[in-house]
Number of protein chains: 2
Amino acid sequence: MALEHAILVSLLEKPGSGYELARRFERSIGYFWTATHQQIYRVLRRMEADGLLDVHEVAQRGRPDKKEYSVAPPGRAALAAWLHEPVQPESIRHELAVKIRGAAFGDPSALIAEVERHREAHDDRLRRYLAGEARDFGAPDVPRSLDVGQELQHVVLRGGIAFERMTIAWLDDVLDTLHRLRVPPSVGRP
Amino acid sequence: MALEHAILVSLLEKPGSGYELARRFERSIGYFWTATHQQIYRVLRRMEADGLLDVHEVAQRGRPDKKEYSVAPPGRAALAAWLHEPVQPESIRHELAVKIRGAAFGDPSALIAEVERHREAHDDRLRRYLAGEARDFGAPDVPRSLDVGQELQHVVLRGGIAFERMTIAWLDDVLDTLHRLRVPPSVGRP
DNA sequence: TTAGTCATGTAATCGGTTACATGATTTT
DNA sequence: AAAATCATGTAACCGATTACATGACTAA
């Protein structure tokens with residue numbers, strides 16, 4: 001049930017509409033949790049009904065009205081309580097890994113293009129993260145003084161960066177392996 | 001819909017019962033996909049009804065009968081077709097990261113124990129993966145010659161190992177940050 | 001004029017988790 | 001005697017995805 005808590009964190013960092021939250025889930029929050037706008041709207045309504053959030057409609061010129069959500073005291077309490085509960089260490093779900101292992105029952109070299117596509121996507125994401133890091137937290141050689149919230153945001157972003165770097169290195173390993181498997185392994189035999 | 005495909009891959013590697021599949025999902029397949037026995041049984045019945053799998057009951061001495069599933073020709077075809085479809089690069093979902101970012105609105109040092117617990121869990125998993133690697137694929141200095149299926153299994157396992165190593169390093173970074181935040185940053189100011 | 005952004009929603013379906021349930025056998 | 005393993009399932013619920021829908025404004 002971490003979506004609710006991710007929303008609480010995001011709204012505490014800055015109040016906003018469902019639409020704005022959906023956009024944040026595409027970027028900053030996106031490197032540790034994802035959600036579509038449909039789901040966000042549904043959860044927002046439920047959380048408001050439960051008294052965790054306050055809403056007020058904001059009229060805008062030239063744009064549709066929006067409902068700006070902010071965290072109500074019970075929402076803050078719910079987040080504080082959750083921070084003291086243990087969550088269980090998660091496992092990954094990696095569909096591409098299923099495919100790689102499945103390739104043994106098809107043509108492994110047919111996967112090369114697919115793996116390269118994934119590599120590109122992760123490389124793009126890494127670039128975006130690094131750009132965001134430089135923008136929000138300063139370049140490594142030009143450190144800024146940050147408050148607690150920023151320090152924590154930064155360490156989470158470093159996690160996203162580490163994940164992308166690791167994934168890219170692994171996909172290179174996968175590509176290497178797929179290429180090696182195309183030529184029968186004859187070297188080294190007597 | 002990768003669970004079906006993960007099951008097809010696993011059953012192609014070796015036929016087995018729902019119970020056995022559930023066990024495999026706790027270990028080898030577990031480092032890229034997870035599933036509980038309830039879900040596995042449900043999906044197995046559906047796949048059998050769809051003609052993707054064959055079943056035959058196996059009587060056992062001293063143990064309950066089991067239904068051994070194996071991949072039927074249409075199942076093999078379904079897997080082959082899926083291998084040619086692109087899957088989209090996934091994002092991670094990391095509940096702990098939500099917590100870390102949420103800690104800014106509570107007591108960050110209260111998270112230290114929780115993060116240490118996660119670090120332990122990932123360290124355990126890493127050890128199991130490394131033990132499995134040595135057992136199934138030989139130590140790095142004593143390489144074995146492997147067939148295509150084994151090579152692909154190995155590269156996926158290397159991915160799991162890389163993921164755990166990266167996660168442990170990141171959690172150390174997180175612990176470092178949480179410790180630093182306990183003492184007010186006074187060094188370096190005039 | 002077409003595409004893109006801002007903004008919110010409904011409906012259907014599927015995938016996954018949690019809790020509950022049974023029962024024999026084997027190991028400590 | 002108790003706990004663990006082998007083996008299979010039902011029911012309820014929740015979380016998440018996909019498809020569909022609307023409508024105004026803005027920029028290429």
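Worth saying up front: this structure is predicted, and the values here are computed from it rather than measured. Letters A, B, ... are given to chains in the order of the sequence lines, protein chains preceding strands, and every chain is numbered from 1.
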> At under 4.0 Å, does any side-chain N or O of B:Arg45 touch on OP1 or OP2 of D:dT10?
yes
> Round to a whole Å and report the spacing from CE of B:Met47 to C1' of C:dC14.
16 Å
> If you assign each of B:Arg93 and B:Glu68 to its closest nucleotide in DNA chain D, which residue comes earlier from the 5' end?
B:Glu68
> Round to the nearest Å and state the distance from B:Gln39 atom CD to C:dA19 atom P.
16 Å
> Where the side chain of A:Glu164 meets the backbone of A:Ile161, is there a donor-acceptor pair that is under 3.5 Å apart?
no
> Spell out yes or no: do the side chain of A:Arg63 and the base of C:dT8 have one donor N/O and one acceptor N/O closer than 3.5 Å?
no
> Taking for each residue the nucleotide of DNA chain D bearing the nearest heavy atom, is the 5' side occupied by A:Leu3 or by A:His37?
A:Leu3
> Taking only N and O in the side chain of B:Ser17, is any of them less than 4.0 Å away from OP1 or OP2 of D:dT8?
yes
> Using whole Å, report how far CD1 of B:Ile40 lies from P of D:dC6.
15 Å
> Using 30° and 60° as the class boundaries, would you call the ring planes of B:Trp82 and B:His5 parallel, tilted or perpendicular?
parallel
> Nearest whole angstrom, please: distance from the P of D:dT5 to the CD of B:Glu20.
16 Å
> Using whole Å, what does the distance between atom P of nucleotide C:dT17 and atom CD of A:Glu90 come to?
11 Å
> Using modelled atom types and a 3.5 Å cut-off, is there a donor and acceptor pairing between side-chain atoms of B:Arg117 and backbone atoms of A:Val87?
yes
> Can you find a side chain N or O atom of A:Gln38 that sits less than 4.0 Å from OP1 or OP2 on D:dT18?
no
> B:Thr167 and B:Arg125: side-chain donor and acceptor closer than 3.5 Å?
no
> Using a cut-off of less than 4.0 Å, is there contact between a side-chain N or O of A:Tyr41 and OP1 or OP2 of C:dG9?
no
> Under 4.0 Å: is that the gap between some side-chain N or O of B:Tyr19 and OP1 or OP2 of D:dT8?
no
> Rounded to whole angstroms, how far apart are NZ on B:Lys66 and P on D:dC6?
11 Å
> Side-chain N or O of B:Arg23 versus OP1/OP2 of D:dC6: is the shortest distance under 4.0 Å?
yes
> Rounded to the Å, how far apart are B:Trp33 CH2 and C:dG15 P?
10 Å
> Once you round it to whole Å, what is the distance between C1' of D:dT22 and CG of A:Asp65?
15 Å
> Check whether any side-chain N or O of B:Arg42 sits under 4.0 Å from OP1 or OP2 of C:dC14, and answer yes or no.
no
> Ring-plane angle category for A:Phe137 and A:His154, please: parallel below 30°, perpendicular beyond 60°, tilted otherwise.
parallel
